[in-house]
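Here the structure comes first, spelled out in structure tokens, and everything after it is commentary.
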Amino acid sequence: MAQAPAPEPRKATGSGRSGLPPLETDGPVVLRFAPGPSGPLHLGHSRAVALNSAYRGLHNGKLILRLEDTNPAAVDPVAYGLIAADMEWLGATPDETVVQSDRLEIYCGDARELLSRDAAYVCHCDAEKWRELKRHNTACPCRGGKPAAQLVAFEALLSGGDGIIVVKTDLEDRNPALRDFVAMRVVETPHPRQGDTWRLWPTYNFAVAVDDYRLGVTHVLRGKDHLNNTLRQQWVYRHLGWDEPRFIHYGLVSIPDALLKTTTIRGGIASSEYSGWDDPQLATLVALRRRGYQPQAIMDYWVTVGVKEVDITLSWQNLEAANRALVEPEARRLFWVPEPFELTLDAPQPLEKHAPFHPDRAEMGERRETVEPGATIVLPAADVAQLAEGDLLRLKNLCNCRLRDGRLEHAGDDPVKGVPIVQWCAAGAPLQLLRPNGSQTDGIVEPAAAEMEGEVVQFERVGFVRLERSQALFLHR
RNA sequence: GCUCCCGUGGUGUAGUCCGGCCCAUCAUCUCGGCCUUUCGAGCCGAAUACCCGGGUUCAAAUCCCGGCGGGAGCACCA
């Protein structure tokens, strides 16, 4: 029984070492991540994934992915696969995946149990009227029916008619959010996976309570926005005499400069404002991945943030720092010249470029290139603008030059202290850099880039980027 | 409006339950310096915080009361 998923070797990278406080527990730990399949995961989701996954590792527990697709109208069939892929990329592959729309018999069973215990009722009132009555701590006429009659009404609803199943709570509760809540309702829209086999669908709170219990979840780790939902779900536990899991709520995260709302992104893609879910302007996981974010950086970041109930603002700088620490030792260096300015090089003889792929790791090799006298050299226009006639500058890893009459005049090979050092290209290919703010910069990249598609590299003096076939995506400085 | 949660530097975090070892930890950011044929990395240093007001106490970031501030929920969404 005690399944022990191999805890992946979790390397304690830099910042993430502080670690999470262990969970209170008296046995095996079962956790779950439960998104609705409406699109791929984004940075906001990744906190829940990271925390649940970190605790799985810490307690050698089990992590369930539960797809919450009980609203047929809000399901994107491709999202099931996208979400699974995102979790895998994060290194948080679930031990088990369950889909709520496969479990309708279970919800119906527990609804019947609720009804027969007089803990729920079938309501045929007008929605607005029912809410209004609740607001005044008043029961609707349907609430008083006998369990036997309620059960009959429930069976009838399965095949036709209007109505909802309501969980009885305390109508006198001072918190208006906690007075009687809907457990199941009729949705005629066909479900992408189930077609029209079912018309009575559970709501979020009911399905979650049932599944957390029946799946043996021991710790429910989720955002603070679920505080009231927890209170509602606890009514189901009490009515049915179930032992409760431990509930842990972490604070809300606000992510600056990021569009996270799935429906808005979907709209932006439809209107071609974004090229797709992985558009570099987005904070979806696929987009961050495409730009060169390392999953471990994201996971580490959330672990250092922890599980407190305070609301936080995500710090891109801190996340970038975590990613830079991972990427910097591995990233090969390359010259990329933004807004290239052409100059002719005057030199007495051919010059040899010896540029290491990594300044601190000679074993990574170097890029070599011969530059003939009279060759056209491109420099960043911004750097040329800084230069006055006769000024000395160094073409990095090549030679010193002096700017004379709009040409570059060779001025020695050995580095001279205090001289500006600039990246340059002689041969090279056009390459556009895309930044997450949507801007694009034209430039020339050195020949070595040709065989480095897909790599995260550092453009010297520019920042880390990920190379694609004919463009580069800016990662961070 | 009602209900619930939270409030340590720019950002995040440790400490708050069990008051003293906290003139408050660590990371990141910022600013200097060193180093470096990148404005990357590395090394050294600096600056910046206990929301406010009372109270209890020899002693409060830590306990109590009252303000103020932020957030969430009050869906036949998840």
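In what follows, chains are A, B, ... by sequence order, proteins preceding strands, each numbered from 1.
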Using the [atom1] atoms only, state how far [M] lies from [N], rounded to an integer number of Å.
| N | M | atom1 | answer |
| --- | --- | --- | --- |
| B:C6 | B:G10 | P | 23 Å |
| B:C50 | B:G19 | C1' | 15 Å |
| B:A49 | B:U8 | C1' | 6 Å |
| B:A61 | B:C21 | P | 9 Å |
| B:G1 | B:U62 | P | 29 Å |
| B:G73 | B:A14 | C1' | 31 Å |

Donor-acceptor under 3.5 Å (A:His136 side chain, A:Thr138 main chain): no
Within the structure shown, what part of the strands sits under 4.0 Å from A:Ala321 by heavy-atom distance: base, sugar-phosphate, or nothing? sugar-phosphate
My understanding is that only one of A:Met364, A:Gln458, A:Arg361, A:Glu455 makes a side chain to side chain contact (heavy atoms under 4.5 Å, CB included) with A:Glu330; could you say which?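 Of A:Met364, A:Gln458, A:Arg361, A:Glu455, side chain to side chain contact (heavy atoms under 4.5 Å, CB included) with A:Glu330 is met by A:Arg361 alone.
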Under the 3.5 Å rule, do the base of B:U38 and the side chain of A:Arg333 count as making a donor-acceptor pair?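 Indeed there is one.
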Side-chain donor/acceptor contact of A:Gln458 with base of B:U38 under 3.5 Å: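 It does, because a donor-acceptor pair links the side chain of A:Gln458 to the base of B:U38 below 3.5 Å.
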May I ask you to establish whether A:Arg112 and A:Tyr107 are in a cation-pi arrangement, using a distance under 6.0 Å from NZ or CZ to the six-membered ring centre and at most 45° from the ring axis? no
Using a 6.0 Å distance limit plus a 45 degree cone around the ring axis, check whether A:Arg238 lies over the aromatic ring of A:Trp235.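 Verdict for A:Trp235: a cation-pi partner in A:Arg238.
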In Watson-Crick or G-U wobble terms, with both distances under 3.5 Å, the base opposite B:C29 is none
